[in-house]
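One-based numbering along the sequence shown.
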Amino acid sequence: MPQGLRSYVEAIPGTPLPHGILGASCTTVTDVSEEQIHELNGVEWMALGCCPVKVWTDPCEADPPGPPPDKEFCRPETEHAAPIHIYAGAECSAPGWSYDEARAHAEASLALGEQQAVETGFWRTKLTANAVDLTPAAGPLSIAQGVAVLEGCLAESYGGVGTLHVPAGAAAILGCCNLLREDPASGALRTLAGNCAIIGAGYSAENTGPGGIPAAPGTAWLYITGPLVIRRGAASVIPDRPGPSVNTRNNDRRVFVERTYVVATTCTVCAVNVVVCP
C-alpha cells in the first residue's frame, strides 16, 4: 500500500526467459481440451525410437558365404509421465484489495512464474529420478566435455534430435565456448549436433544430480533427454467468487490460481557434472 507522498502505480511487468521449458522452440506444448482432461492425471505410451535399428548382411554377399544371421527383435518399453501441479497465491487485507484485484494479481504471478515451476517439477520428478550419471570417477568435466558426453549418450540410446537441459547459471559458459547457436528459423538454441537446449531458471534453482544430491560449489548438473511433449491444463481460480476468498477471523483475502502440466520425454536420461567456476 502507498505510504506518505508516494504514488501508487502498476506493478513492474516481467517476461519469462525465452529459452525455458515453455518458451523453447524445441518443446511441443499442447493445451488439453475438455475431452482430453483425463490426460492430466498422467499418460503412458509405447516408446518409439529407443530400440536400435540393426544392420543386416545378406548371406549371399558374405565372404565366405554362410547361413543367414539371426535377426534381433526389440520389445518396446512402456513409458509414462506424471502430472506436475503448480499454483500461485495472493494475500492481502480485504478492505484494501478487491477480489478482482487479488485474482488478477494471482493470475499475473502464475503467468510470469509458471515456467520456472514446471522446470522445477520436471527436474525433481524426471531428470534427477531417472538419469544415468556419466560423471567420471576423477570428477566434474569441463562444460564442453560434458556436452560431448551427453550427446554421445543420447546418440547411442536414441539417435534422434533430443533436448539438453541447462541451469541458467551455466548458460554464459556455454556461450563462451560456442557450444550453442540460435537457429535463425525457429529461434531455438541448438548444439552443433543439432540438439535443442533449454536454459531453465527452475533448473538453476535446483542444480542437483541424480538422486537429488546438490551440486558441489563451482559445478553444475547438465542433463539430456529425448524430445519433450508437454500437456497443459486450464488455469483454475480458487475460490471462483469473492465471498469465500475472505478469512473472517483476520479479514484477509486469499486467492490462488492452479494449473496442471504433464511433461513427457522418451528413452534414456543422461546426466553429467561440469565445472562452471574454476
Side-chain angles (χ1 to χ4, degrees), residues 17-21 23-27 47-55 119 122-123 126-228 263 265-278:
L17 290 177
H19 299 296
I21 198 169
S25 298
C26 49
T27 60
L48 178 64
C50 306
C51 291
V53 177
K54 301 288 188 177
V55 176
E119 290 164 351
F122 183 63
W123 186 281
K126 181 62 179 180
L127 296 181
T128 63
N130 298 102
V132 177
D133 187 357
L134 301 179
T135 309
L141 299 173
S142 72
I143 201 160
Q145 290 172 325
V147 171
V149 167
L150 291 178
E151 292 196 303
C153 173
L154 180 72
E156 293 171 13
S157 64
Y158 181 63
V161 174
T163 311
L164 185 66
H165 303 268
V166 183
I173 310 299
L174 289 168
C176 290
C177 301
N178 292 319
L179 298 177
L180 296 180
R181 297 179 180 179
E182 190 170 59
D183 185 337
S186 65
L189 294 178
R190 294 190 180 275
T191 66
L192 293 178
N195 294 306
C196 282
I198 290 173
I199 307 297
Y203 295 167
S204 198
E206 291 294 301
N207 196 19
T208 51
I213 300 174
T219 71
W221 282 95
L222 308 184
Y223 291 82
I224 201 164
T225 67
L228 267 61
V263 183
T265 189
T266 190
C267 297
T268 303
V269 178
C270 301
V272 69
N273 194 218
V274 299
V275 176
V276 295
C277 182

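The closest side-chain heavy-atom distance from Ile21 to Val263 is below 4.5 Å. Contact annotation: the side chain of Leu127 approaches that of Phe122 to within less than 4.5 Å [non-hydrogen atoms, C-beta and beyond]. Contact check for Thr266 versus Pro227: side-chain heavy atoms found under the 4.5 Å cut-off. Considering only heavy atoms from C-beta on, Val147 stays 4.5 Å or farther from Val274 through its side chain.
When the shell of 6.0 Å around CG of Leu48 is examined, it contains 12 or fewer heavy atoms from other residues, nucleotides or ligands.
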_Evaluation steps, side-chain contact (heavy atoms from CB on, under 4.5 Å), between Leu154 and Asn195_ = CA-CA 10 Å; Leu154 180 72; Asn195 294 306; 3.4 Å; yes
*Does the disulfide bond (SG atoms under 2.5 Å apart) test come out yes or no for Cys196 and Cys26, once each step is laid out?*
CA-CA 6 Å; Cys196 282; Cys26 49; 3.4 Å; no
*Test side-chain contact (heavy atoms from CB on, under 4.5 Å) on Leu189 and Val166 and set out the steps.*
CA-CA 11 Å; Leu189 294 178; Val166 183; over 6 Å; no
*Before giving the answer on side-chain contact (heavy atoms from CB on, under 4.5 Å), spell out for Leu192 and Arg181 the whole-Å C-alpha distance, their side-chain angles and the decisive distance to 0.1 Å.*
CA-CA 8 Å; Leu192 293 178; Arg181 297 179 180 179; 3.6 Å; yes
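The side chain to side chain contact (heavy atoms under 4.5 Å, CB included) test with Leu150 singles out one residue from Thr225, Val272, Thr191, and that residue is Val272.
Taking every heavy atom of both residues into account, Ala193 and Glu151 meet most closely at CB-OE2, 3.4 Å. For the pair Gly20 and Ile198, the tightest heavy-atom approach, listed with the atom from each and the gap, is C-CG2, 3.7 Å. A pairwise comparison of heavy atoms in Ala188 and Ser25 identifies CB-CB, 3.7 Å as the closest pair.
Between Cys153 and Cys270, the two SG sulfurs come within 2.5 Å of each other, short of that mark.
Considering CD1 of Ile143 and CG of Leu222, their distance stands at 5.5 Å, rounded to 0.5 Å. How far CD1 of Ile224 is from CG of Leu164: 5.0 Å, rounded to the nearest 0.5 Å. From Thr135, atom OG1 reaches atom CG of Leu141 across 6.5 Å, with rounding to the nearest 0.5 Å.
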Please set out all donor-acceptor pairs under 3.5 angstrom arising from side-chain atoms of residues 199-214, sequence neighbours excluded.
| from | atom 1 | to | atom 2 | distance (Å) |
| --- | --- | --- | --- | --- |
| Tyr203 | OH | His165 | ND1 | 2.8 |
| Ser204 | OG | Gly169 | N | 3.2 |
| Glu206 | OE1 | Arg124 | NE | 3.2 |
| Glu206 | OE2 | Arg124 | NE | 3.3 |
| Glu206 | OE2 | Arg124 | NH2 | 3.1 |
| Asn207 | OD1 | Trp221 | N | 2.9 |
| Asn207 | ND2 | Thr219 | O | 3.3 |
| Thr208 | OG1 | Trp123 | NE1 | 2.8 |

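With Thr163 contributing its side chain and Ala197 its backbone, the two residues share no donor-acceptor pair below 3.5 Å.
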